[in-house]
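Residue numbering restarts at 1 for every chain, and letters A, B, ... go by the order of the sequence lines. Computed from heavy atoms alone, side chains included, the values below leave out hydrogens, waters and symmetry copies.
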There are 2 protein chains.
Amino acid sequence: MAKMIDVAKLAGVSVATVSRVLAGSGKVSKNTKEKVERAMKELNYKPNKLARNLRKLESKTIVVVIPDISNPFFTDVIRGIQQVAQQHDYYVLLGDTGNDVKAELDFIDLIKERAADGVILVTARTSPEKILEIAQEVPLVVACEYIKGAHLSMVTIDNVSSSQKVVDHLVSLGHRRIGFISGPLNVIISRDRLKGYVSGLKKHGLEQDSSLIQEGDFTISSGFESANRLLDLAEPPTAVFASNDEMAIGTIKAIKNRGFQVPGDIAVVGFDDIQIATVIEPALTTVSQPKFEIGRCTMEILLELIQNPSTRQEHVVLPEHLVIRESCGYPLVR
Amino acid sequence: MAKMIDVAKLAGVSVATVSRVLAGSGKVSKNTKEKVERAMKELNYKPNKLARNLRKLESKTIVVVIPDISNPFFTDVIRGIQQVAQQHDYYVLLGDTGNDVKAELDFIDLIKERAADGVILVTARTSPEKILEIAQEVPLVVACEYIKGAHLSMVTIDNVSSSQKVVDHLVSLGHRRIGFISGPLNVIISRDRLKGYVSGLKKHGLEQDSSLIQEGDFTISSGFESANRLLDLAEPPTAVFASNDEMAIGTIKAIKNRGFQVPGDIAVVGFDDIQIATVIEPALTTVSQPKFEIGRCTMEILLELIQNPSTRQEHVVLPEHLVIRESCGYPLVR
DNA sequence: CTGTTAGCGCCTTCAG
DNA sequence: CTGAAGGCGCTAACAG
């Protein structure tokens with residue numbers, strides 16, 4: 001494997017000059033530049049990134065920490081991250097934690113070991129205090145999740161108002177008894193979606209019935225079980241709002257399982273807009289998160305933070321929108 | 001950021017000793033070892049991987065080149081790769097090409113730049129000759145795809161015999177007119193699945209009708225269109241075998257769209273067994289690839305190749321199995 | 001068991 | 001515009 005000095009010798013110049021043409025830092029005569037380039041090509045020279053990284057004390061790599069890469073929601077976010085990373089010559093290291101907090105911390109440690117220049121957390125199982133502490137020391141951006149009132153770079157949507165919009169939609173279709181399946185309530189975005197649901201009800205003068213609220217854990221099966229509890233009610237809801245698409249799918253399964261129709265008998269709304277939402281029958285009406293854009297934006301902020309660690313930390317809120325498909329049908333007539 | 005020499009000074013030893021306790025190479029007295037460890041903890045020392053990498057001329061990183069990370073098939077493979085990588089202290093760099101051949105080559109180049117120690121190709125858009133040439137120079141393993149008769153490390157399933165099994169199953173249910181939707185025929189695994197279908201027909205003494213074979217491109221919409229062509233036939237098939245689950249989903253949509261039932265009127269089989277296969281209605285009977293295991297196995301082979309580049313290259317064929325769900329129903333009575 | 005020393009390959013002042 | 005030289009932080013001989 002040819003190295004810089006080989007190129008230098010062949011071109012009859014010094015390593016400094018080779019380094020200069022590599023960096024494209026203009027101060028090389030056209031003539032020598034050509035000589036060097038010819039030599040590089042002849043030797044099939046590739047600069048050794050290991051050496052460059054050590055010298056510059058940067059790795060040109062960022063870590064994306066996610067709970068589970070086989071969850072389709074995250075892969076779209078990653079694609080956004082990757083796109084911006086590539087444009088700026090950064091690589092992305094995959095930090096799949098398998099939902100393990102220890103693994104999360106280990107990946108973050110990569111920065112201290114200089115194997116990465118920054119981290120994106122698309123999960124935040126670690127305690128908020130810890131994350132804040134880490135964010136003081138290293139470039140870190142949190143995506144999708146957030147920490148309340150924290151002085152920290154974050155990119156999310158507004159989970160409260162988007163949930164409220166769902167209630168608006170359901171009410172406009174004539175529903176007055178709306179069930180809600182929340183995500184795990186120890187997660188802030190789950191609480192936000194619940195909050196939006198509750199304030200949506202209030203806005204329309206509907207009373208809140210705690211039996212209509214069930215806690216799930218974002219899986220299809222928890223959606224199925226929660227929906228069953230809702231269907232067991234003396235007076236079941238005419239619509240169910242699930243806090244993510246997987247749970248909405250479980251809900252649809254539960255409803256069909258009892259011989260009811262969606263949306264004929266009961267309307268269903270999801271959240272996230274993953275691909276399955278378009279494939280399931282009926283196609284799911286859901287809150288579409290700008291996943292790709294979240295990824296892009298997160299990476300852009302991280303890049304700024306890496307270049308200038310004293311950049312003011314900000315919480316960016318991206319717009320989402322309700323996608324109306326088939327699972328809510330048309331206005332109820334009762 | 002504390003470095004090794006700081007630890008050495010604080011512990012009153014030389015850097016070599018610190019390096020030794022870090023490497024755990026036994027030849028340090030218990031006493032000094034403790035001193036060093038205390039110093040490391042006190043300074044909150046983390047070894048600089050950049051320096052270590054340069055010194056050892058390795059990056060402890062491998063690149064996984066995939067066409068599209070938001071395709072759920074690949075993420076399961078990646079999880080398998082990641083698991084083994086983690087066990088061996090390797091990191092995985094994501095090489096999402098977005099189906100671009102140039103990007104594929106660029107990611108492979110990372111090895112020559114020593115930013116990675118090996119590559120896993122879960123796609124192979126690049127020409128076989130080029131791949132073989134590259135594999136001579138760097139540790140490279142191909143997963144899911146393969147190159148015929150090549151002296152190259154590959155991990156796949158047997159696409160021919162598994163497709164034949166699908167035909168066996170369909171025939172056992174009474175089907176004699178079986179449609180086939182292939183993947184793009186410039187891809188070898190598509191041709192293999194077609195080959196299995198054809199030889200399956202022959203095995204059961206069924207004649208091959210070329211109008212029953214349609215070429216798709218692995219997307220839902222191509223499945224939909226191909227299925228429509230099949231349904232337009234004067235004598236449509238009683239069963240359709242699609243070469244992947246996405247196309248099978250498109251097929252089911254097309255069939256339902258015409259007012260027919262699956263499996264009541266027409267049976268459908270897919271290939272891959274991605275998550276959607278269990279969610280779609282009817283749940284899809286499909287060939288289940290051991291995706292996670294493919295990932296694990298591929299990474300293990302790559303590891304061997306990295307440690308010993310002269311390892312004999314081998315083509316590992318992993319077992320798959322047919323998962324029978326609802327989309328084929330029960331034996332036909334005609 | 002421990003210390004000394006010479007690089008890994010590159011970038012970047014500082015001179016010229 | 002070009003060259004010489006000093007590290008980046010660590011590991012691996014080689015001595016002792």
Between [N] atom [atom2] and [X] atom [atom1], what is the distance in whole Å?
{"X": "A:E58", "N": "C:dG9", "atom1": "CD", "atom2": "P", "answer": "20 Å"}
{"X": "A:N53", "N": "C:dC8", "atom1": "CG", "atom2": "P", "answer": "18 Å"}
{"X": "B:E113", "N": "C:dG9", "atom1": "CD", "atom2": "P", "answer": "15 Å"}
{"X": "A:K30", "N": "D:dT2", "atom1": "NZ", "atom2": "P", "answer": "14 Å"}
{"X": "B:I5", "N": "C:dG3", "atom1": "CD1", "atom2": "P", "answer": "12 Å"}
{"X": "B:L57", "N": "C:dC10", "atom1": "CG", "atom2": "C1'", "answer": "12 Å"}
{"X": "B:D117", "N": "C:dC8", "atom1": "CG", "atom2": "P", "answer": "19 Å"}
{"X": "B:R114", "N": "C:dG9", "atom1": "CZ", "atom2": "P", "answer": "8 Å"}

> Contacts to DNA chain C from residues 41-51 of chain A, heavy-atom cutoff under 4.0 Å, which residues?
Replying inline: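 Per residue number, the list reads A:Y45, A:P47, A:N48, A:A51.
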Side chain of [X] only, please: which of [options] is the nearest?
{"X": "B:L54", "options": "C:dT13, C:dG9, D:dC8", "result": "C:dG9"}
{"X": "B:R52", "options": "C:dT2, D:dG3, D:dC10", "result": "D:dC10"}
{"X": "B:A16", "options": "C:dT2, D:dG3, C:dG3", "result": "C:dG3"}
{"X": "B:R20", "options": "D:dA12, D:dT2, D:dC14", "result": "D:dC14"}

> Is it true that a side-chain atom of A:N159 and a backbone atom of A:I189 form a donor plus acceptor pair closer than 3.5 Å?
Replying inline: no
> For A:P184, does its backbone N or O pair with a side-chain atom of A:S190 as donor and acceptor, under 3.5 Å?
Replying inline: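 At least one qualifying donor-acceptor pair exists.
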Once you apply a heavy-atom cut-off of 4.0 Å, does [X] come out as touching a base, just sugar-phosphate, or nothing?
{"X": "A:M4", "result": "sugar-phosphate"}
{"X": "A:S19", "result": "base"}
{"X": "B:V13", "result": "sugar-phosphate"}

> Would you say the side chain of B:E304 lies within less than 4.5 Å of the side chain of B:N308, judging by non-hydrogen atoms?
Replying inline: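 When only atoms from C-beta onward are counted, B:E304 and B:N308 do not touch, as no gap falls below 4.5 Å.
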>> If I compare all heavy atoms of A:D272 with all of A:Q289, which pair ends up nearest, and what's the gap?
In response: OD1-NE2, 2.9 Å
>> Tell me the closest heavy-atom pair linking A:T156 and A:H315, and the distance in Å.
In response: OG1-NE2, 2.8 Å
Is [X] salt-bridged to [Y], going by a charged N under 4.0 Å from an acidic O?
{"X": "A:R79", "Y": "A:D76", "value": "yes"}
{"X": "B:R296", "Y": "B:E300", "value": "yes"}
{"X": "B:E113", "Y": "A:R52", "value": "no"}

> For C:dC1, does either OP1 or OP2 sit under 4.0 Å from a side-chain N or O belonging to B:T32?
Replying inline: no
>> Less than 4.0 angstrom between a side-chain N/O of A:T17 and OP1 or OP2 of D:dC1, yes or no?
In response: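 Negative; the distance criterion is not met.
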> In terms of the nearest nucleotide of DNA chain C, which residue is placed more toward the 5' end: A:M1 or A:K56?
Replying inline: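 So the residue in question is A:M1.
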